[in-house]
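Since the structure comes first, as structure tokens, the remarks are kept for the end.
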Amino acid sequence: MTESNKEAAPGNPSNVPAKTMEAIVALCRRRGFVFQSSEIYGGINGFWDYGPLGVELKRNLKDAWWHDIVRCPAKGPDGNLISMAGVDCTIIMNPKVWVASGHVGTFADPTRKCPGCGHFVRADQLWDILATSSEWFASLLQEFTPVTGEIDTPRLIKWARGKGKKLAPNLALVRDPEVTLSFLATRVNGQPTAPPDLQEIVRHLATSQLHATGLQEPCPICGGALGEAKPFTLMFESHAGLDKTEDSKVYLRPETAQGIFANFRNVVDSTRVKVPFGIAQIGKAFRNEVTPRNFTFRSREFEQMEIEFFIRPDSAKEWYAFWRDARFNWWKSIGLAGENLQLREHDRDELSHYAKAGAGTSDIEYRFPFTAPGFGELEGVAHRTDFDLRQHAEHSGLGDKLKYFDQEWQVKLQGEGVAKEEINKKVKYFPHVIEPSAGADRGTLALLCEAFTPDAGRPSGVFMKFHPRMAPIKAGIYPLVNKDGMPEIADKLYMELRGKFNLEFDEKQAIGKRYARMDEVGTPYCFTVDSDTAKDQTVTVRDRDTASQQRIGIDKVGAFLAEKIGG
RNA sequence: GCGCGCGUAGCUCAGUGGCAGAGCGUCGGUCUUCCAAACCGAAUGUCGCGGGUUCAAGUCCCGCCGCGCGCUCCA
């Protein structure tokens with residue numbers, strides 16, 4: 001193609017899209033990676049379908065994970081091959097599982113969160129709690145004249161600067177006494193015939209004047225302005241059986257982890273695994289997110305790839321570090337190798353309740369176009385201590401029967417001459433858990449974002465630079481033109497290899513158009529049969545990233561692909 | 001959940017009260033000798049959904065749904 005032709009072609013530079021989420025979403029839809037769920041009915045917020053190419057991409061990701069984690073795991077920090085067992089648990093489980101895990105109960109009722117201190121308050125109990133068990137509220141009440149309820153401004157300012165500062169640091173009155181009280185005075189003077197009652201006064205004292213459009217209500221702990229009331233059960237509910245009663249209520253699992261914990265005993269008893277070992281699972285989970293957003297990044301239905309790795313409590317540090325680094329390197333190995341991937345150790349105040357005492361929590365994060373310059377979580381690696389197994393031991397009534405008996409350790413301690421009593425204390429225990437928990441949909445999205453490469457040299461202005469192992473289609477097998485025996489040779493090659501690789505055969509239209517299509521769906525190689533093939537048994541290999549070509553023997557194509565795609 | 005913006009063919013968009021359109025892509029044909037060639041032909045629309053105003057609504061009004069952005073949320 002000449003330079004002037006290029007200007008006229010659809011691939012002229014003005015067609016090169018910026019690497020924005022909008023452009024990525026458009027390509028996903030145009031080429032069949034991701035569609036909106038039930039789109040013909042207007043879609044449904046937070047749910048997405050994978051199309052013909054998307055399902056291949058996501059499957060390649062999951063297959064690579066399963067292969068590298070379950071079937072063919074690496075060596076651990078102790079130099080031994082890692083022991084890993086797979087499971088596939090149901091989405092709906094006995095509801096008691098979610099009581100034990102803490103998902104039911106704590107957050108089931110309309111609840112308000114304090115942005116200042118993070119405290120949760122039941123919405124319907126707020127005023128009761130303020131009246132009966134809020135330290136600052138009790139102290140503040142003493143500053144009002146009991147009978148008249150008159151507002152003594154200097155007295156309240158004094159309180160705000162003294163006791164208030166210690167007891168309710170986030171209360172508007174404490175942060176800015178003059179402005180807050182003038183706000184209240186305006187209200188009192190504005191409607192002298194309808195003086196505010198105590199609740200309204202307190203609302204005024206909790207409201208920064210910036211919020212003059214509506215009154216806030218204070219957190220009983222710190223006085224901060226509470227967020228809106230929300231039912232903090234993010235679990236989807238359903239009913240098992242025809243009778244839709246409270247007793248038949250079940251939940252769609254909000255994480256796959258609990259299925260693993262609930263099966264801990266079964267796996268130990270049926271497979272001869274010994275601590276340290278892991279149980280791995282890939283499966284759907286559901287969270288009724290308040291705000292699904294950012295394409296598939298936060299969906300209400302999503303797929304997790306989780307490992308619960310069970311270890312002796314005293315080896316948490318080394319296993320935590322091992323899994324954190326191993327998982328980070330794994331994401332690198334499948335193509336997220338650049339600056340867009342980072343490993344971030346959590347600060348202490350970010351840690352979940354059970355992880356506070358642990359060896360740490362870290363996130364493997366990717367810089368998505370919609371988070372940039374920030375990062376979004378792909379996978380979390382957490383030391384969950386023995387929290388989950390203890391919870392299930394307690395709630396199931398199994399108690400110590402859920403403990404692991406470490407016979408290997410027993411023998412070792414006996415050899416070291418440790419006292420029998422001490423050995424017995426040590427060798428029956430709840431294993432600690434290192435949990436690498438990855439999002440399959442987030443991983444797929446990161447692969448799509450990473451692959452998206454604007455390039456003025458391509459007809460559509462963009463090509464998808466997938467790692468060959470992840471690419472939905474591994475190669476195109478094409479006759480250069482649709483005559484002179486070329487289609488027959490190409491077809492024979494295709495039939496030979498299609499069982500081993502996902503390939504495309506296409507004899508229609510100009511060769512450039514076929515290459516261009518493969519660029520846009522990220523196919524790393526195209527093999528083309530031309531007029532020389534019949535003479536010398538070679539084909540051309542066209543490389544997606546460089547658009548360069550070389551000739552190889554037609555009998556070498558399978559080996560070439562196997563080597564490039566790797567595993 | 002709140003606020004702002006957006007929604008017409010697969011994609012990018014035009015159409016500001018009067019016949020539903022273009023380019024690209026897709027498909028078929030002629031052709032072909034390595035990067036979306038050319039030519040000929042074809043298919044493709046609940047104008048996001050529902051209601052209202054009007055002789056007449058893609059266009060004006062209301063409600064809803066979906067998407068994006070900012071708050072909020074993310075155990």
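In what follows, every chain begins at residue 1, and chains take the letters A, B, ... in the order their sequences are listed.
Nucleotide G58(B) is matched to nothing when pairs are restricted to Watson-Crick or G-U wobble geometry with both distances under 3.5 angstrom. Base pairing of U26(B): its partner is A42(B), meeting the Watson-Crick or G-U wobble criterion (both donor-acceptor distances under 3.5 Å). As the counterpart of U16(B), no nucleotide is assigned, since no Watson-Crick or G-U wobble pattern has both distances under 3.5 Å. With a cut-off of 3.5 Å on both pairing distances, A37(B) has no Watson-Crick or G-U wobble partner at all. Judged by Watson-Crick or G-U wobble contacts below 3.5 Å, the nucleotide C71(B) has G1(B) as its partner. In this entry G7(B) has C65(B) as its Watson-Crick or G-U wobble partner, both defining distances falling under 3.5 Å.
Checked by distance alone, Tyr515(A) brings a side-chain donor or acceptor within 3.5 Å of a matching partner on the base of C34(B). Between the side chain of Arg293(A) and the base of G70(B), at least one donor-acceptor pair of N or O atoms lies under 3.5 Å. Judged by distance alone with a 3.5 Å cut-off, no donor-acceptor contact links the side chain of Arg542(A) to the base of C34(B). You won't find any donor-acceptor pair under 3.5 Å spanning the side chain of Arg30(A) and the base of C11(B), going by distance alone.
Positionally, the nearest nucleotide of RNA chain B for Gly512(A) lies more toward the 5' end than for the other of Pro292(A) and Gly512(A). Sequence order on RNA chain B of the closest nucleotides to Glu39(A) and Met21(A) puts Glu39(A) first from the 5' end.
By the 30° and 60° cut-offs, the orientation of the rings of Tyr525(A) relative to Phe560(A) is perpendicular. Aromatic ring pairs are classed by plane angle as parallel below 30°, tilted from 30° to 60° and perpendicular above 60°; the pair Phe370(A) and Phe368(A) is parallel.
Note on Lys483(A): a side-chain N or O is less than 4.0 Å away from OP1 or OP2 of U32(B). In this structure, Gln509(A) does not reach the C31(B) phosphate: none of its side-chain N or O atoms is under 4.0 Å from OP1 or OP2. The phosphate of C11(B) (OP1 or OP2) has a side-chain N or O of Arg29(A) nearer than 4.0 angstrom. A close approach under 4.0 Å does not occur between any side-chain nitrogen or oxygen of Asn482(A) and OP1 or OP2 of C31(B).
Between the NZ atom of Lys513(A) and the C1' atom of G28(B) there is a distance of 12 Å, rounded to whole Å.
Here, G48(B) and G18(B) have their C1' atoms 24 Å apart, quoted to the whole Å. Comparing the same atom, P, in C34(B) and in G15(B) gives a spacing of 43 Å after rounding to whole Å. Rounded to whole Å, the separation between the P atoms of U72(B) and G63(B) comes to 27 Å. The C1' atoms of A57(B) and C19(B) are separated by 14 Å, rounded to the nearest whole Å. Separating the P atom of G58(B) from that of A36(B) is a span of 41 Å, rounded to the nearest Å. With P as the reference atom, G66(B) and G28(B) are 38 Å apart, rounded to whole Å. For the C1' atoms, the distance from U30(B) to C67(B) is 44 Å, rounded to whole Å. A distance of about 10 Å separates the C1' atoms of G7(B) and C47(B), rounded to the whole Å.
If you check every strand for non-hydrogen atoms under 4.0 Å, Gly376(A) touches nothing. Among the atoms of the strands shown, only primed sugar atoms or phosphate atoms (P, OP1, OP2) are found under 4.0 Å from some heavy atom of Phe295(A).
Ring to ring, Phe236(A) and Tyr251(A) are not that close: their centroids are 6.0 angstrom or more apart.
At distances below 3.5 Å, not a single donor-acceptor pair connects side-chain atoms of Arg458(A) with backbone N or O atoms of Phe463(A). Checked by atom type and distance alone, the side chain of Lys474(A) never pairs as donor or acceptor with a backbone atom of Leu561(A) at under 3.5 Å.
No option in Glu303(A), Lys284(A), Glu306(A) other than Glu306(A) meets the side-chain hydrogen bond (donor to acceptor under 3.5 Å, both in side chains) test with Thr256(A).
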